[in-house]
Amino acid sequence: MEARSELKLKLYQIFKEFMTRITKLEELESAANTFLQRFQQGLCLLKRSPVVTSSDLIKNILKNNETRRLKSYIESGCINIDDAAKSTRALQTSLSGLSDHLIKAQSLLSELERLTDEAALAIETATTTQLDVDSGDELEQVTSDEENESVHFPQEPEVTEYATVIAVVYSMVKQNNVMQEKIVRSLSLKTSFDELDTYTMMWSLRPFVKDEIMNRAWKCIY
């Protein structure tokens, strides 16, 4: 019983540390999503379609209200110089923020991978090591034949669940991070509006992260 309690405590500590880093990763993703939205807004402004002057109605409006400023504005593609400068800076800031997110996220993923390996190793060590305890209820004696006997650590759900949930959650967030990397690497002035809409939607939805599994993970803490 003592060995089992020690294992459970060790896995619980690993699990808490793991979920703390998951929280930090989610905070990073939320902040990065803001940068992605700003990039979308800035690019939409720079690539905004010019006024269609082929319409008779528009021609009359422009003719009756033509000024040097309006003419210059239309000739520039309906983009104010100051707005264009601000949008350009916003694009640069957003890309810088997203790149920084990838670096920080990768660092957290490395820590999550380490914790995942630690949890798996703890389970493996417990199941393959002969435990010296007094009570026979704390061991399962499995006899394969009269000459070969092996002792197994009882695989109770509350003990192994920590390691299992850690492995599953790590796999999900890793896949989600790969998706985010592809999104950030593909961003440029040539990115279409439809692509940006898809990118922002996928970033928010986190398709590889299952809510029911994350809810189960948090229940293991509280």
Side-chain angles (χ1 to χ4, degrees), residues 16-53 69-117 165-215 217-218:
K16 284 201 303 182
E17 188 176 351
F18 180 89
M19 293 306 293
T20 296
R21 282 160 176 73
I22 287 294
T23 299
K24 291 181 179 178
L25 184 61
E26 290 177 343
E27 291 173 351
L28 282 178
E29 291 174 349
S30 179
N33 188 38
T34 300
F35 284 121
L36 183 59
Q37 292 174 348
R38 289 177 182 173
F39 182 91
Q40 182 182 29
Q41 294 169 358
L43 191 60
C44 286
L45 179 59
L46 286 179
K47 299 176 67 174
R48 184 171 56 189
S49 300
V51 173
V52 179
T53 57
R69 182 179 180 184
L70 178 59
K71 184 177 181 180
S72 176
Y73 182 70
I74 293 175
E75 289 176 349
S76 66
C78 299
I79 299 178
N80 182 280
I81 296 178
D82 291 337
D83 289 341
K86 290 179 181 179
S87 295
T88 300
R89 288 195 295 270
L91 292 178
Q92 294 173 341
T93 301
S94 298
L95 286 176
S96 178
L98 288 168
S99 296
D100 185 57
H101 161 71
L102 293 182
I103 295 173
K104 292 179 178 178
Q106 187 56 54
S107 177
L108 281 174
L109 282 172
S110 295
E111 295 181 28
L112 291 174
E113 182 179 18
R114 174 182 60 79
L115 293 169
T116 301
D117 292 340
V165 172
I166 284 175
V168 173
V169 172
Y170 172 68
S171 176
M172 293 193 305
V173 297
K174 185 177 181 180
Q175 291 181 73
N176 196 64
N177 180 257
V178 170
M179 178 197 73
Q180 292 177 352
E181 285 185 351
K182 291 180 178 179
I183 288 176
V184 174
R185 304 302 183 200
S186 68
L187 295 177
S188 71
L189 293 177
K190 296 181 180 180
T191 304
S192 69
F193 296 152
D194 288 341
E195 286 175 319
L196 280 172
D197 285 340
T198 301
Y199 292 160
T200 53
M201 179 182 67
M202 296 297 283
W203 196 290
S204 298
L205 290 178
R206 306 171 73 209
F208 298 101
V209 179
K210 307 302 180 184
D211 290 338
E212 61 271 19
I213 295 178
M214 294 305 301
N215 290 337
W218 286 114

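The shown structure was predicted, so the numbers you read here are calculated from the model rather than taken from an experiment.
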Would you sort out whether Tyr170 and Leu115 count as a side chain to side chain contact (heavy atoms under 4.5 Å, CB included), showing the intermediate values? CA-CA 10 Å; Tyr170 172 68; Leu115 293 169; over 6 Å; no

Between Asp100 and Phe35, is the side chain to side chain contact (heavy atoms under 4.5 Å, CB included) condition met? List the steps. CA-CA 11 Å; Asp100 185 57; Phe35 284 121; over 6 Å; no

Could you walk me through whether Lys210 and Val168 pass side chain to side chain contact (heavy atoms under 4.5 Å, CB included), step by step? CA-CA 10 Å; Lys210 307 302 180 184; Val168 173; over 6 Å; no

What do the steps show when you test Arg38 against Thr93 for side chain to side chain contact (heavy atoms under 4.5 Å, CB included), and what is the final call? CA-CA 9 Å; Arg38 289 177 182 173; Thr93 301; 5.5 Å; no

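Note that CG of Leu187 and OG of Ser99 are 9.0 Å apart. Values are rounded to the nearest 0.5 Å. Atom OG of residue Ser188 and atom CZ of residue Phe39 lie 6.5 Å apart, to the nearest 0.5 angstrom. Taking NZ of Lys190 as the start and CG of Leu43 as the end, the distance is 12.5 Å to the nearest 0.5 Å. Interatomic distance, CH2 of Trp218 versus OG1 of Thr23, reported as 3.0 Å (0.5 Å rounding). The structure places CD1 of Ile103 at 12.5 Å from CG of Leu108, a figure rounded to the nearest 0.5 Å. For the atom pair Arg114 CZ and Glu17 CD, the distance stands at 5.0 Å (nearest 0.5 Å).
Contacts of Glu195 classified as side-chain hydrogen bond (donor to acceptor under 3.5 Å, both in side chains), with partners at least two apart in sequence or in another chain: Ser192. By the side-chain contact (heavy atoms from CB on, under 4.5 Å) test, Gln106 pairs with Leu109, Ser110, Asn177, Glu181, sequence neighbours left out. In this structure, the side-chain contact (heavy atoms from CB on, under 4.5 Å) partners of Thr200, at least two apart in sequence or on a different chain, are Leu36, Gln40.
A donor-acceptor contact shorter than 3.5 Å links the side chain of Trp203 to the backbone of Glu29. The closest donor-acceptor contact from the side chain of Ser186 to the backbone of Ile183 lies under 3.5 Å. Proximity of a side-chain donor or acceptor of Ser30 to a complementary backbone N or O of Glu26 within less than 3.5 Å is not detected.
Met179 and Phe208 get closest at one heavy-atom pair: CB-CE1, 3.9 Å. Across every non-hydrogen atom of Ala167 and Thr116, the tightest pair is CA-CG2, 4.1 Å. Across all their heavy atoms, Val169 and Ala217 have their closest contact at CG2-CB, 4.3 Å. Shown here for Gly42 and Leu91, the closest heavy-atom pair between the two residues is C-CD2, 4.0 Å. Pairing each heavy atom of Ala105 with each of Leu25, the nearest pair is CB-CD1, 3.8 Å. When every heavy atom of Leu28 is checked against every heavy atom of His101, the shortest pair comes out as O-ND1, 3.5 Å.
Between Gln92 and Thr88, the closest side-chain pair of non-hydrogen atoms falls below 4.5 Å. Side-chain contact between Gln180 and Arg206 is absent, with no heavy-atom pair separated by less than 4.5 Å.
No side-chain donor from either of Thr191 and Tyr199 sits under 3.5 Å from a side-chain acceptor of the other.
Around CG of Leu189, the count of heavy atoms belonging to other residues, nucleotides or ligands within 6.0 Å does not exceed 12.
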